[in-house]
There are 2 protein chains.
Amino acid sequence: MPDDDRKRQILDAALELADERGLAAVTMRALAQKLGVTAMALYPHIGDKDGLLDGLVDRMLAELLPAVATHGTPEQRLLAIGRAARALARRHPSAYPLLLSRPAVTPDAVRLVDALYAALLDLGVPAGEVPRVERLLSTFTLGYATSEANGRFSAGAINRAQFPEDQVPAHRELSEVLERAPDWDAEYEADLADLMLMVRTRWSENDGWLKLQALPE
Amino acid sequence: MPDDDRKRQILDAALELADERGLAAVTMRALAQKLGVTAMALYPHIGDKDGLLDGLVDRMLAELLPAVATHGTPEQRLLAIGRAARALARRHPSAYPLLLSRPAVTPDAVRLVDALYAALLDLGVPAGEVPRVERLLSTFTLGYATSEANGRFSAGAINRAQFPEDQVPAHRELSEVLERAPDWDAEYEADLADLMLMVRTRWSENDGWLKLQALPE
DNA sequence: ACCTGAACACCGTTCAAGT
DNA sequence: ACCTGAACACCGTTCAAGT
């Protein structure tokens, strides 16, 4: 398939363009120019603009797939994928949010989800709950890196000062903590640890001592 | 401030346009036409296109703010906000993803975060961990509704069939479960319950019986 | 089979001009 | 103070034409 090589070449260039100048800079015209060709020459290979963005999702998932391991404990395997997902987001901050907004239906995507399913099953999560827990974990992972990439987490400091303190009592109580600049690497690790704890206490190690309470209405 | 009324009017129309025809249909020209005015007439009120989108974020947060309650247990208060966030996403599926990609710095945004901080403090989460846990919970909530709105969760069924089963063993093992169409309302409730359990077991009710294990490298 | 060039129907935004 | 109309520099995409 010589056309697939050309498609890969185009997607590589598109991802590079997104990394260097942002997702908004990935236009058919700019991408074509980068490849020394006309915008219209891209269409036979990638479909339309939407197809190009779907291609970027596939391209990133392919980059994530090597993080799938067969050795190690199920917990280690989940963590490896979680960490690799954030490393991917660091390499491609502009393109990464596409993963949250576009369904991935390629073989690579299914393989990745299959690895997560397998690890959750090995951890003792009942079959009926596995897809839900996979969605919970992947949603958090994709959402976290997207928030980081878009600066959603860095907004607090700007605005805290210009606000009447008596209207935000909890902010006042946390003022010392909020002064400190967070270590995002450490925070992500702590989040993964909490989520692993959740899975473990909920299903793996509950020798009858844990009763899940009904939620209040 | 008569100009603030006009701004609110413009934002209401923009949100309506997004609800009816998608976020891509919210162009300066289309919005102006809906208001019976020229595109250029919008600029003094909302800044530029970016200011318009920031305004939509504020508009949605204002709609979410009434979910903040002072009565009830801290857990009930967290759940009320989590449920209201998803109800908001149902009303505004196209605009909702903006919450994940744009920092919110309005007074309403700070008030909302303050309510979450207060509930977590009341639950017994140590001050040093409160901002992190708030980010974990809000990231999940925003990411989940964004995934739902964009159809990320509905992709599996399409592709499962056309895949060689021996390459995805966990999918095969889960085939019965994966046949069933998920109840998204129930799934979201179960996710909230698991996250509440995580917070409770991690901090509120750990009378020394829970030792957080170090994560494997 | 693969690429080009001109054209079409859109964008956001600037700017001078109107009232 | 608020709005308009024309214009500019862009978009994605169609289509006939080239080789």
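Lettering follows sequence order; numbering is per chain, from 1.
- As a whole-Å value, the separation of L42(B) CG from dT4(D) C1' is 12 Å.
- Computed from coordinates, the Q9(A) CD to dC2(C) C1' distance equals 14 Å when rounded to whole Å.
- In DNA chain C, runs of at least 3 stacked Watson-Crick or G-U pairs (N1-N3 plus N6-O4 or O6-N4, or N1-O2 plus O6-N3, all under 3.5 Å) give these stems: C:4-8 with D:12-16, C:12-16 with D:4-8.
- The existence of a salt bridge linking D19(A) and R91(A) is excluded, since no basic side-chain nitrogen approaches an acidic carboxylate oxygen closer than 4.0 Å.
- Looking at T141(A), its side chain never comes within 3.5 Å of a backbone N or O of S138(A) through a donor-acceptor pair.
- Proximity of L65(A) to V68(A): side-chain heavy atoms (C-beta onward) are separated by under 4.5 Å at one or more points.
- Between D108(A) and R111(A) there is a salt bridge, since a side-chain N of the basic residue sits under 4.0 Å from a carboxylate O of the acidic one.
- Whole-Å rounding puts the I46(B) CD1 to dC2(D) P distance at 15 Å.
- Regarding L31(B), its CG atom lies at a distance of 13 Å from the P atom of dC3(D), rounded to whole Å.
- At least one side-chain heavy atom of L178(A) sits less than 4.5 Å from a side-chain heavy atom of Y117(B).
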5' to 3', nucleotides 14-19 of chain D under a 4.0 Å protein heavy-atom cut-off (B base, S sugar-phosphate only, - none) gives BB----

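- For the contact set between residues 48-55 of chain B and DNA chain C, defined by any heavy atom under 4.0 Å, the members are D48(B), K49(B).
- Of the candidate nucleotides dT13(D), dG5(C), dT13(C), dG5(C) has the atom nearest to the side chain of T38(A).
- For E20(A), the CD atom counts as densely surrounded, since its 6.0 Å shell holds more than 12 non-hydrogen atoms of other residues, nucleotides or ligands.
- Between H45(A) and dC3(C) there is a side-chain N or O to OP1 or OP2 distance below 4.0 Å.
- Rounded to an integer number of Å, the gap from CG of L35(A) to P of dC2(C) is 15 Å.
- Remark: E173(A) CD is loosely packed, at most 12 non-hydrogen atoms of other residues, nucleotides or ligands lying under 6.0 Å away.
- When each of dG12(C), dT4(C), dT13(D) is scored by its nearest atom to the side-chain atoms of A41(A), the top-ranked nucleotide is dT4(C).
- No donor-acceptor contact under 3.5 angstrom links the side chains of H45(B) and Q9(B), judged on distance only.
- For the pair R135(B) and D191(A), the salt-bridge criterion is not met [side-chain N within less than 4.0 Å of a carboxylate O].
- Of the possible polar contacts, one joining the Y188(B) side chain to the G82(B) backbone as a donor-acceptor pair under 3.5 Å is found.
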Evaluate salt bridge (charged side-chain N to carboxylate O under 4.0 Å, His left out) for D5(B) paired with R8(B), printing each intermediate quantity in order. CA-CA 5 Å; D5(B) 284 356; R8(B) 170 61 81 103; over 6 Å; no

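- I10(A) places its CD1 atom 11 Å from the P atom of dC2(C), with the value rounded to the nearest Å.
- Regarding contacts with the backbone of dC11(C), a side-chain N or O of T27(B) is found under 4.0 angstrom from either OP1 or OP2.
- Atom CD of Q33(A) is separated from atom P of dC3(C) by 17 Å (rounded to the nearest Å).
- Listed nucleotides dT4(C), dC3(D), dG12(C) differ in distance to V37(B); the shortest reach to its side chain belongs to dC3(D).
- Between the CZ atom of R29(A) and the C1' atom of dA7(C) there is a distance of 11 Å, rounded to whole Å.
- Looking at T106(B) and D54(B), their side chains never come closer than 4.5 Å, going by heavy atoms from C-beta outward.
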